[in-house]
Amino acid sequence: MKNVEKYTRQFFPIENAPMKWASKTYIEKAPIWCSVDLRDGNQALIVPMSLDEKLEFFKFLVQLGFKEIEIGFPAASETEYEFCRTLIENHLIPDDVTIQVLTQSREHIIAKTFEALKGCKNAIVHLYNSTSVAQREQVFKKDKKEIIEIARFGANLCNEYRAKTEGNFHFEYSPESFTGTEPDFALEICNAVIDIWKPTPNDKVIINLPVTVSHSMPHVYANQVEYMCDNLNCRENVIVSLHPHNDRGCAIADSEMGLLAGADRVEGTLFGNGERTGNVDIITLALNMYSQGVDPKLDFSNMPKIVELYEKVTRMHVYERQPYSGQLVFAAFSGSHQDAIAKGMKWLEDKKCSHWTVPYLPINPTDIGRKYEADVIRINSQSGKGGIGYIMEQNFGFDLPPKMRENFGYVVKSVSDHNHKELMADEIYNIFVDKYMNKVSPLDIKEAHFVQLNDSAENTISSTVTILLDGMTKVADGIGNGRLDAVSNAVKSITGYQYTITTYKEHALQVGSKSKAVSYVGVTSANGKTYWGSGIDTDIIVSSIHALTSAINSMINNS
């Protein structure tokens with residue numbers, strides 16, 4: 001590509017970084033979660049949420065288990081201010097939930113912010129100012145000392161307004177554009193704020209390290225986080241928070257590595273909605289932990305409902321391949337994938353395993369409210385016999401013989417390919433019925449009567465069969481080593497058809513005295529080709545005769 005030379009690295013790596021975090025293999029416990037859907041997420045919408053939509057979303061975030069929710073920038077607009085006051089005055093904030101508001105380091109904004117928070121039981125006042133080289137030089141045209149003074153000015157004002165405002169308030173500070181700031185300067189300005197706020201075990205301070213713009217690979221950010229964690233003043237009383245954006249597609253990795261590096265808290269949004277490419281997706285991050293046996297302390301057990309409400313209030317769309325939450329993330333169209341999933345499910349059931357190990361599925365879809373029949377095994381022209389057999393068994397109770405399943409798989413794939421569409425379960429069932437079930441033309445076996453021959457060692461059953469063939473009724477006798485074999489031999493004697501029954505299988509479809517049974521028959525003709533039929537009836541003998549008749553008709557009609 002052209003003009004590559006104009007791009008330089010706008011980040012500051014830690015020299016000789018110890019990288020203690022790199023020896024860890026997983027996150028041991030859930031961080032403190034803070035949803036910023038109502039601030040970061042809302043300001044990224046083409047049409048911001050109305051007051052009613054914000055209230056509905058806030059209540060839903062509480063239901064999901066968030067204990068910290070950033071509700072906006074009260075000094076920015078009347079809508080934001082009104083939302084904050086509505087939550088407080090209508091007592092909509094549970095006692096165990098803390099709201100968070102954002103403010104710049106300017107007195108009239110801080111004053112308006114505390115005015116909006118008056119009477120709040122629990123609130124975090126989130127103070128920020130930009131610290132990166134680009135912001136200092138191009139936007140503020142101030143040196144490091146002047147930038148530190150902006151932060152100190154805001155921190156002192158927060159102390160003053162907290163002292164004279166009714167409510168319970170805690171503080172958070174963000175060196176905005178942290179990832180474009182020299183680490184030693186970021187540490188200096190954060191420590192300057194910490195020294196003013198003087199955190200204690202009962203009044204901890206949050207130091208938020210935002211990936212305002214992602215400039216580097218995730219391990220560079222992790223080293224920066226580890227450096228801050230190792231050198232912040234009063235670290236035991238400081239909560240280190242992460243706020244990654246997704247410019248490089250690394251927000252999840254930034255967060256996971258940042259937590260390994262010592263961070264305690266994550267700010268993010270559902271589905272990663274936020275400015276530009278978005279914030280870190282808390283759902284993905286939390287379910288990554290869940291997939292490794294760590295309770296994320298958030299309830300994502302009804303993902304369809306979460307998606308529905310999110311799309312309603314934001315007018316955004318959850319991408320079909322969004323990790324965990326997308327419509328197709330558990331869907332298997334590939335034949336080999338479907339086969340592996342079906343066998344994996346069977347293996348877990350047979351072995352009564354306590355741990356989830358199904359191929360291609362990192363978690364059990366039902367744990368987040370998804371359904372196998374609708375979301376996992378999906379059938380199109382790429383599908384195989386395993387998936388199609390799984391649909392027939394799970395949805396309709398049909399356990400096809402392996403060779404018949406293969407034959408049916410080709411039939412279904414051909415229909416899907418011809419119609420250029422995915423096939424739903426009912427459509428697959430209808431194809432099966434149309435192709436194999438209870439076929440009576442041109443041959444129909446109208447009656448069959450049996451007699452047990454006790455004097456024969458091999459051929460023990462005699463049958464008298466009434467056949468309708470091409471509109472003509474005929475009666476024939478046959479002897480066989482079972483009822484189906486005796487009927488088949490009678491058919492051969494009167495029609496002259498040459499074939500061998502090579503597969504027979506039957507099983508109950510339902511439980512009870514009036515339950516139906518299904519039978520499957522495969523017959524191989526003289527030229528070596530196998531034809532299939534199936535039958536259903538409350539009488540297993542009748543169902544097997546229907547299956548034989550269907551298979552013979554398939555042979556006749558396709559010869």
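Predicted, not measured: the structure shown is a model, and the values here were computed from it.
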Between [X] and [Y] (side chain of the first, backbone of the second, donor and acceptor by atom type, cut-off under 3.5 Å), is there such a pair?
X: N246; Y: A251; answer: yes
X: S534; Y: V521; answer: no
X: T277; Y: D247; answer: yes
X: S463; Y: A486; answer: yes
X: S544; Y: I541; answer: yes
X: T502; Y: G522; answer: yes

| Quick one: is the NZ or CZ of R370 closer than 6.0 Å to the six-membered ring centre of F330, and within 45° of its axis? |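 No.
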
| query | Which residues pass the side chain to side chain donor-acceptor pair (under 3.5 Å) test with N430, sequence neighbours left out? | reply |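 Counting only residues at least two positions away or on another chain, N430 forms no side chain to side chain donor-acceptor pair (under 3.5 Å).
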
| Pairing residues for N527 by the side chain to side chain donor-acceptor pair (under 3.5 Å) criterion, not counting sequence neighbours |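 Once residues adjacent in sequence are excluded, the partners of N527 under the side chain to side chain donor-acceptor pair (under 3.5 Å) criterion are S525.
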
Side-chain heavy-atom pair [X], [Y] within 4.5 angstrom cut-off:
X: F57; Y: Y310; result: yes
X: L64; Y: L270; result: yes
X: D399; Y: M392; result: no

| query | Can you tell me if NZ on K516 sees more than 12 non-hydrogen neighbours from other groups inside 6.0 Å? | reply |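 Counting neighbours around NZ of K516, 12 or fewer heavy atoms of other residues, nucleotides or ligands fall under 6.0 Å, so no.
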
| task | On the 0 to 90° scale, with breaks at 30° and 60°, tag the H507-Y520 ring pair as parallel, tilted or perpendicular. | result | tilted

| task | Just jot down the side chain to side chain contact (heavy atoms under 4.5 Å, CB included) partners of D264, sequence neighbours excluded, or say none. | result | R235, I239, V240

| request: Not counting sequence neighbours, which residues clear side chain to side chain contact (heavy atoms under 4.5 Å, CB included) with K29? List them please. | output: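 Side chain to side chain contact (heavy atoms under 4.5 Å, CB included) check on K29 returns nothing, list empty.
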
| request: Go through the steps to decide whether E53 and T314 satisfy the test side chain to side chain contact (heavy atoms under 4.5 Å, CB included), and finish with yes or no. | output: CA-CA 8 Å; E53 287 170 336; T314 67; over 6 Å; no

| query | What pairs meet the side chain to side chain donor-acceptor pair (under 3.5 Å) rule with one or both residues in residues 286-296, with sequence neighbours excluded? | reply | E256-N288, N288-Y324, Y290-D367

| note | So the side chain to side chain donor-acceptor pair (under 3.5 Å) pairs with at least one residue in residues 211-223 (sequence neighbours excluded) are W21-N223

| field | side chain to side chain contact (heavy atoms under 4.5 Å, CB included), paired with H243, selected from V36, V266, V211, D254 | value |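 The side chain to side chain contact (heavy atoms under 4.5 Å, CB included) with H243 is passed solely by V36 among V36, V266, V211, D254.
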
| Looking at Y436, F408, F396, which one forms a ring pair (Phe, Tyr, Trp, His ring centres under 6.0 Å) with Y429? | F396

